[in-house]
Amino acid sequence: MSTMSNEDKGVALILEAEKKVKSSQGFFGGLFGSASKLEDAADLYVRAANMFKMAKNWSAAGTAFLDAAKIQLLNLQNKHEAAQHYVDAATCFRKSDAEEAVRCYESATDIFTDMGRFTMAAKHHINIAEIYESNVVDLEKAIYHYEQAADYYRGEESTSSSNKCALKVAMYSAQMENYPKAIEIYEQVAANAIESSILKYSAKEYFFKGALCHMCVDVLEAQRAVEKYCDMHAAFQDSRECKLLKSLLEAEEEQNVEAFTEAVQEYDSISRLDQWLTTILLRIKKSMNEEPDLT
């Protein structure tokens, strides 16, 4: 005798759930405990979702969790359970339908913010931002959701988590050539870092990135910014980042592309440049009317 597959079990549970929903409606449903039937239906949808997860049918699993969420929210007014099911649905849809995953996370964040659960809302705004970073590349939307997360974390006094999200906003803002926004964030996060004995060391990285963003806009402003950063944080003056900035500013002022390239290569030989730094440095170099080539 053949046993049912997980997929078949999931389908059977869905049919059972649908019967429960149907029997909860109408006159007799109201008389004979429609709420308990709907609770049973939600539970059956969740069990079906787990069967589909075991069968790796992520779309069916997501849909079943979504059905459970709707019953909990619209029929039973159980906000917490609804939010959790929306998150479960989103987790499944991330493997099959990124846009649907976003919609489910958004439903969850709406409920969590309504309940005053801002840390939970922030966490799922990050999930949405990550989808817009990788699955559905839309940096403007990624920025928006990282900003939301940063605001919520800040409101809950989670400074470290807030800064982490804000730095993502700065990184993508600079990528999209919104340098003033990036500069403001880098300077703010650096100023906060200086006040902390644990985070003080990381301030040089944020000052470095802020100054490079300034260089993309105006050399004189960049020079003033580097002086200001050195005044704010004495350790920055002796850092390799500050020395590189001074060499680059000098090269840019003299329109000396060769000196600019040498300074970058020397720095890169000790501290490897990441993709973001490479992109920004190429933009600065290109503005010096030369081919963008750091090699």
Side-chain angles (χ1 to χ4, degrees), residues 6-132 144-145 148-149 151-153 155-158 161 165:
N6 288 324
E7 184 104 24
D8 290 338
K9 287 176 188 172
V11 171
L13 287 162
I14 292 286
L15 291 171
E16 210 180 320
E18 286 170 353
K19 276 184 200 164
K20 290 275 185 188
V21 171
K22 213 167 191 179
S23 70
S24 75
Q25 295 160 349
F27 179 71
F28 290 108
L31 278 181
F32 302 110
S34 69
S36 76
K37 285 178 181 175
L38 287 165
E39 279 167 11
D40 289 346
D43 183 50
L44 287 162
Y45 278 126
V46 170
R47 285 170 59 200
N50 289 325
M51 285 298 159
F52 289 133
K53 276 174 77 174
M54 286 162 72
K56 294 188 168 48
N57 185 340
W58 304 112
S59 183
T63 303
F65 277 128
L66 195 49
D67 287 332
K70 286 172 182 171
I71 290 174
Q72 293 288 3
L73 184 65
L74 303 173
N75 301 99
L76 301 170
Q77 278 80 51
N78 291 333
K79 287 185 177 180
H80 181 78
E81 285 86 348
Q84 190 50 58
H85 293 328
Y86 276 124
V87 171
D88 292 335
T91 305
C92 293
F93 283 128
R94 277 185 90 154
K95 297 176 172 70
S96 64
D97 184 341
E99 293 284 10
E100 191 59 50
V102 166
R103 282 191 283 274
C104 291
Y105 279 131
E106 283 175 339
S107 296
T109 57
D110 287 345
I111 296 169
F112 284 127
T113 49
D114 190 47
M115 293 170 71
R117 303 279 305 279
F118 295 108
T119 300
M120 291 299 287
K123 182 184 167 188
H124 298 305
H125 273 296
I126 291 172
N127 282 326
I128 298 171
E130 286 170 352
I131 291 171
Y132 284 126
Y144 170 79
H145 288 285
Q148 289 291 109
D151 285 347
Y152 288 152
Y153 279 132
E156 298 296 295
E157 301 292 325
S158 297
S161 297
C165 295

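To the nearest 0.5 Å, atoms NE2 (H145) and CG (N127) are separated by 11.0 Å. Distance check: L13 CG to D8 CG gives 11.0 Å after rounding to the nearest 0.5 Å. To the nearest 0.5 Å, the span separating CE on M120 from OG1 on T113 amounts to 12.0 Å. Between the OH atom of Y86 and the CG atom of D110 there is a distance of 9.5 Å, given to the nearest 0.5 Å. Note: D97 CG to C92 SG = 12.0 Å, rounded to the nearest 0.5 Å. For the atom pair CG (N75) and OG (S24), the distance works out to 7.0 Å, reported to the nearest 0.5 Å.
Between A149 and I126 the shortest heavy-atom distance is CB-CG1, 3.8 Å. Of all heavy-atom pairs between A41 and K20, the closest is CB-CB, 3.8 Å. The minimum heavy-atom distance linking A101 with I131 is given by the pair CB-CD1, 3.8 Å. Residues A68 and A42 approach most closely at CB-O, 3.7 Å, considering heavy atoms. Between G62 and A89, the closest heavy-atom pair is O-CB, 3.4 Å.
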ask   = How far apart are the C-alpha atoms of L66 and H85, what are their side-chain angles, what is the distance that settles it, and do they pass the side-chain contact (heavy atoms from CB on, under 4.5 Å) test?
value = CA-CA 7 Å; L66 195 49; H85 293 328; over 6 Å; no

message = The test is side-chain contact (heavy atoms from CB on, under 4.5 Å); show your working for Y153 and K123 and say whether it passes.
response = CA-CA 9 Å; Y153 279 132; K123 182 184 167 188; 4.2 Å; yes

message = Evaluate I111 against L73 for side-chain contact (heavy atoms from CB on, under 4.5 Å), listing each step before the verdict.
response = CA-CA 9 Å; I111 296 169; L73 184 65; 4.0 Å; yes

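One finds a salt bridge joining E130 and R94 here, because a Lys/Arg side-chain nitrogen approaches an Asp/Glu carboxylate oxygen to under 4.0 Å. Using a 4.0 Å cut-off between charged nitrogen and carboxylate oxygen, R103 and E100 count as a salt-bridge pair.
Looking at heavy atoms from C-beta onward, T91 lies out of side-chain contact with F65 at the 4.5 angstrom threshold. Counting heavy atoms from C-beta outward, K37 and K19 have side chains that stay 4.5 Å or more apart. Contact of the V21 side chain with the E18 side chain is not registered, since no non-hydrogen atoms from C-beta on lie closer than 4.5 Å. R117 places none of its side-chain heavy atoms less than 4.5 Å from the side chain of T119. Using a 4.5 Å heavy-atom cutoff, the side chains of V87 and Q84 are in contact.
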Distance-only criterion, 3.5 Å: show the donor-acceptor pairs between side-chain atoms of residues 43-60 and protein atoms not counting sequence neighbours.
{"unit_1": "N50", "atom_1": "ND2", "unit_2": "V46", "atom_2": "O", "d": "3.3"}
{"unit_1": "N57", "atom_1": "OD1", "unit_2": "A60", "atom_2": "N", "d": "3.1"}
{"unit_1": "N57", "atom_1": "ND2", "unit_2": "E7", "atom_2": "OE2", "d": "2.7"}

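Aromatic ring pairs are classed by plane angle as parallel below 30°, tilted from 30° to 60° and perpendicular above 60°; the pair Y144 and H125 is perpendicular.
With hydrogens and angles disregarded, no donor-acceptor distance shorter than 3.5 Å links the side chain of S161 to the backbone of S158.
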